[in-house]
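Let me begin by presenting the structure, written as structure tokens, before commenting on it.
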Amino acid sequence: MPRYDAQRIEPKWQAYWDKHQTFRTPDVMGLSDLDRTRKLYVLDMFPYPSGSGLHVGHPEGYTATDIVCRFARMQGKHVLHPMGWDAFGLPAEEHAVKTGTHPRITTEQNINTFRRQLKSLGFSYDWNREISTTDVEYYRWTQWIFLQVFDTWYDPAFEWTGKDGQRRVGKGRPIAELPIPADVKAQGEEAVRRYQDRHRLAYQHEAPVNWCPALGTVLANEEVVDGRSERGNHPVERVPLRQWMLRITAYAERLIDDLEPLDWSESIKILQRNWIGRSEGAEVDFYVGAGAGSVEGGMGRGGEGGTAAAGESSPSTLNAQPSTSFDAWKSHRAANGFPAEPGEDVLRIYTTRPDTLYGATYMVIAPEHPFVARLTTADQKDAVEAYCRKASQKSDLDRTDLAKDKTGVFTGSYAINPVNGARVPVWIADYVLISYGTGAIMAVPAHDLRDWEFAVKFQLPIIPVVQPPAKHEPSKEERALTATINGEERCPFAGEGTAINSGRYDGTTTLEFKKQITAELAKAGLGKKAVNYRLRDWLFSRQRYWGEPFPIWHELDAQGQPTGLMRPDKETELPVLHPHLEDFKPTGNPEPMLSKAPEDWLYKTAADGVRLKRETNSMPQWAGSCWYYLRFCDPKNTQHFIDPAVEKYWLPVDLYVGGADHAVLHLLYARFWHKVLFDRGHVSTVEPFQKLVNQGMILGEVEFTGFWRGPGLETSPEGHPQWSTACGFAGFVSARDVAEKEIEGNSVHVFRRSGESVQSVRVPADQIEKKGEGFILKAEPAISIDARAFKMSKSRGNVINPDKVVEQYGADSLRLYEMFMGPLEQVKPWSMSGVEGVFRFLGRVWRMVADDRADDVKLSPAVQDVPASEAQLRTLHKTIKAVTEDIEKMSFNTAISRMMEFTNEISGQEPRPKSILEPFVLLLSPFAPHLAEELWELLGHGGSLAYTPWPRAEEKYLVENEVEIPVQINGKLRAVVRVPAGADQAALKAAAESHEAIAPQLAGKTIAKCVVVPGRMVNFVVKG
RNA sequence: GCCGAAGUGGCGGAAUGGCAGACGCACCGGAUUCAAAAUCCGGCGAGGUUCACCCCUCGUGUGGGGUCGAGUCCCACCUUCGGCACCA
């Protein structure tokens, strides 16, 4: 009695594909046909093999790509479809801390679980190409690429033609080609090396890390929540540490520009553009002199005495007499131009509104700005130091969270506005970030909301310099900042208009003003046009064990201290393996884990006698995922990271599918590395991923939540309060009377009327009905209930385990259900009865072909070698056409409905011609490959159908003799007429007019107009 | 706050500007069965009308606008979800 038995069929075909290497991609070298129009590279975002195994979210994207690949193979495409593991990362290391198990062992176990699970779903990966970022032979090349980045500097002015044949400006060039200024060269070899190091795309920089003293370890950003450790809720400090940075900002412009032609959704492109955050404006130097006082001749350095001089300045008097040293400085600038480095006598600021320079009434520098000490006068010293200390302890989050309240402190010093010679006080405030622009701003309170807020709080002068357009209404935010100044209600204006109080520029429009003043400042050597990015350089080091070690050595002096000079490992010395560690306990200080390595790993003496210490930071998890798509093309190559001919054939990835959570960082980082490799001639395309699709998240089953006041609840075995009918209904309050509140970081529900807190409880669906907009309790219709699907999480207990689904319904059902749920890119809730539904469909397909009453597997007696009827052929070819088009559009849910329609129609018929069932099985095969293979075999074919040509929809079977055409009167449907398929306008109109339901309605009325669309519809517009 | 996506039956969803609700789930009725499971057939937006077949009105978040005709296009707003959030 063989029913549809997924448990029998699926392992059988998985073993068959394995044994026959059905999905093995032939090597490019062995291909006679290198026609690139035939190649298709389809890539899934490879998973992090976590200890909890596969999640139902994974097979969603993986099934979609698998369908595309199986479909493409049957259309004769040469498909590359690999899978691997993004296996470095924290959890394995944390497990090691707890149990002492080496992360490599944990990782291997997890990978084995993932591989088994993926194989059980029947994906057509070429498992010969499986790679893990933790493989020694893989990260050897990750380290190699790092060395390429290390060996590169960015020349923004370089004009060249890339491997793609395009002419462009700006190139990552070998460090050996970096021009060395004569004065640097004169200082000797060491100075040259340090100069080069400053220009590399991989460079070192002091940056704060999250150091948690209680845990004795450095934490990743995602392990820090609200300034405390996620684990244990201990305080986290920000301590500066030497870090590796990658100069991604050098590529910001190209990362924006090259986005344009890609086949990505516009919203992802916008997300990336916003992340890069390009802004255009000007850099302007404000003179602070040798302490903003007087300067005798030349451009003397500030020095120790500088701050004292500033202290002598009179307090905030705008438009005071410019000092003579300011004049001297200006003429020096006019003669020599705007210097690349600002020097010590000026504060360099960045602004997008150079047109508001006349309204600058003070300046602000970030607490970390290098000029803080210099500009602080003796009497302000204590206040400034206290402020900066406090600021350094705040995390970025604290600084932004406290946005409502501006803080700051006056340095005691003044700067001089280059456009009008006004003396403006210099303040320190943490609303200015050291990491953006120059870390210093000119404040124009009249036209900047933040500056306004600050100026109001500290009573600094506000000078309007932009006249709003005549019918300007202040925006919401502007109005919110309304303040009483000198007895007058005023608010800031951040928009564009015409200049006032701006000397000879009065009357100029904002746009024109910007252009003019930028040009004039440039001519006077006081400023220049500048572009800034919100994007920061990429902090590329972690203090972990389970990441790629850096192939870098630090030179040590006689005392064993690092000199700051570095030596990369030679290519032939790669890979740099992990040192052996006995235990994985944290170091107990902010030093990286690898500093616990044995001496012989940490130190060596170079041939020239210099003592060297290894870099002890490790690379972030992003590193391995930045280039895996390249390695998949040539995973076993021991000579190159990828063979150039292979790269040229397969790249770019034609379709890349993954979660939207990687829409920004992973894609940006990978694109950046790809561009560096392109500039250095290692890859032939500018972009790695031609088409990108983000699958939507799968949520848990819909839950109904009620709110309960007072006692009377039961307790679940896990100890959570629980409701059942036995509790009655008296304790419920309406969901619409409940508000969500944050109390000490936890969200709690409170009853609006009394403020008392209430319990949220799950209510079974059978207690609920729909009323109007929402849901209510059947028993208590006044009580409204929340209905929502939540993200799957262990704590909520709504996680669906794919293994269980496969066990109960089979992989084909899981695959089909995930595709049938709705559009791939949409967020959608899980529903077990939906799985049941597609399972029943597969059962119907089975019975349409196989005899489920026989004792062994054989064809249904209704399936016969008889010619198909016209109607059957039309059904088949309509289905072929629709399914084919839907797969091409990646509209898998509608493709499946089409196949259901076919089955509904054909399965009841007898006899069922083999000739229409066979093509149908082929249509089904990308979606439910195991069942399709089994039925294909049953229909008398040997071997796999994986390379059988895809059925073609033939037009001749699609034409209908008669069609139904809707007839409307005044746009409302009134009848349907049957007419011959090719009926022209006149015939259609005639048929419509004479229709028994229409004729009486037209009688005696004037037909004002008649719209006839052949093959579509007829509409009479009548009067009277 | 800014940017993006989306609001269609009880639920998931379908509809090149042309018959709204395909397909599936849930539910209801029937057949089969000793009975059940499984399976098969039928019904299923709301309201009205009718013995019945039929037919009519309303209906795609809200309000407006264009069109012979709008779920689809335009304007304004509301709600939900995602991202960013002192970036000068």
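So that the names make sense, note that chain A is the first sequence line, chain B the second, and so on, each numbered from 1.
Within 4.0 Å of A/S831, counting heavy atoms only, lies no atom of the nucleic acid at all. Contacts of A/G837 with the nucleic acid, taken as non-hydrogen atoms under 4.0 Å apart, involve only primed sugar atoms and P, OP1 or OP2. Backbone-only engagement by A/S279 is indicated by non-hydrogen atom pairs under 4.0 Å involving sugar-phosphate atoms exclusively. If you check every strand for non-hydrogen atoms under 4.0 Å, A/N904 touches sugar and phosphate atoms only. Counting any heavy atom pair closer than 4.0 Å across all strands shown, A/R278 reaches no nucleic acid atom.
Comment: A/R796 engages A/E703 in a salt bridge, judged by a side-chain N to carboxylate O separation of less than 4.0 angstrom. Residues A/R853 and A/D851 are not paired through a salt bridge, judged by the lack of any N-O separation under 4.0 Å between the basic side chain and the carboxylate. Between A/K881 and A/E885 there is a salt bridge, since at least one side-chain N of the basic residue sits less than 4.0 Å from a carboxylate O of the acidic one. Between A/R353 and A/E496 there is no salt bridge, since no side-chain nitrogen of the basic residue lies less than 4.0 Å from a carboxylate oxygen of the acidic one. Under the 4.0 Å criterion applied to side-chain N and carboxylate O atoms, A/D405 and A/K457 are assigned as salt-bridge partners. A salt bridge links A/E60 with A/K828; the closest basic N to acidic carboxylate O contact falls under 4.0 Å. Under the 4.0 Å criterion applied to side-chain N and carboxylate O atoms, A/E260 and A/K269 are not assigned as salt-bridge partners.
As the counterpart of B/C73, B/G65 is assigned, both hydrogen-bonding distances of the Watson-Crick or G-U wobble pattern falling under 3.5 Å. Pairing of B/G24, defined by two Watson-Crick or G-U wobble distances under 3.5 Å, is identified with B/C11. Nucleotide B/C55 forms a Watson-Crick or G-U wobble pair with B/G48, both donor-acceptor distances falling under 3.5 Å. With a cut-off of 3.5 Å on both pairing distances, the Watson-Crick or G-U wobble partner of B/C84 is B/G1. Using the Watson-Crick or G-U wobble rule with both distances under 3.5 Å, B/U16 pairs with nothing in any strand shown. Figure legend. B/G29 is base-paired to B/C41; pairs are counted as Watson-Crick or G-U wobble with both atom distances under 3.5 Å. Base-pair partner of B/A35: not found among the strands shown (Watson-Crick or G-U wobble, both distances under 3.5 Å).
The side chain of A/I441 approaches B/A88 more closely than any other nucleotide in the set B/G83, B/A88, B/C68. Relative to the side chain of A/R840, the nucleotides B/U39, B/C84, B/G24 differ in distance, and B/U39 lies closest. The nucleotide whose nearest atom lies closest to any side-chain atom of A/R847 is, among B/C56, B/C86, B/C40, B/C40. You'll find that the side chain of A/R534 is closest to B/C84, out of B/G83, B/G24, B/C84. Taking every side-chain heavy atom of A/K972 into account, B/C58 is the closest of B/C58, B/A85, B/C3. Relative to the side chain of A/S833, the nucleotides B/C81, B/A5, B/C25 differ in distance, and B/C25 lies closest. Ranking B/U57, B/C40, B/A88 by closeness to the A/T351 side chain, first place goes to B/A88.
No more than 12 heavy atoms of other residues, nucleotides or ligands sit less than 6.0 Å from atom CZ of A/R898.
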Exercise for the section: Would you give a per-nucleotide map of nucleotides 12-22 of chain B, 5' to 3', where B means the base has a protein non-hydrogen atom under 4.0 Å away, S means only the sugar-phosphate does, and - means neither? Expected result: BSS-B-BB--B

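The distance from atom CD1 of A/I776 to atom P of B/G10 is 13 Å, rounded to the nearest whole Å.
In terms of phosphate contacts, A/R853 brings no side-chain nitrogen or oxygen within less than 4.0 Å of OP1 or OP2 of B/A38.
Annotated as anti: B/G10, whose glycosidic dihedral deviates from 0 by more than 90°.
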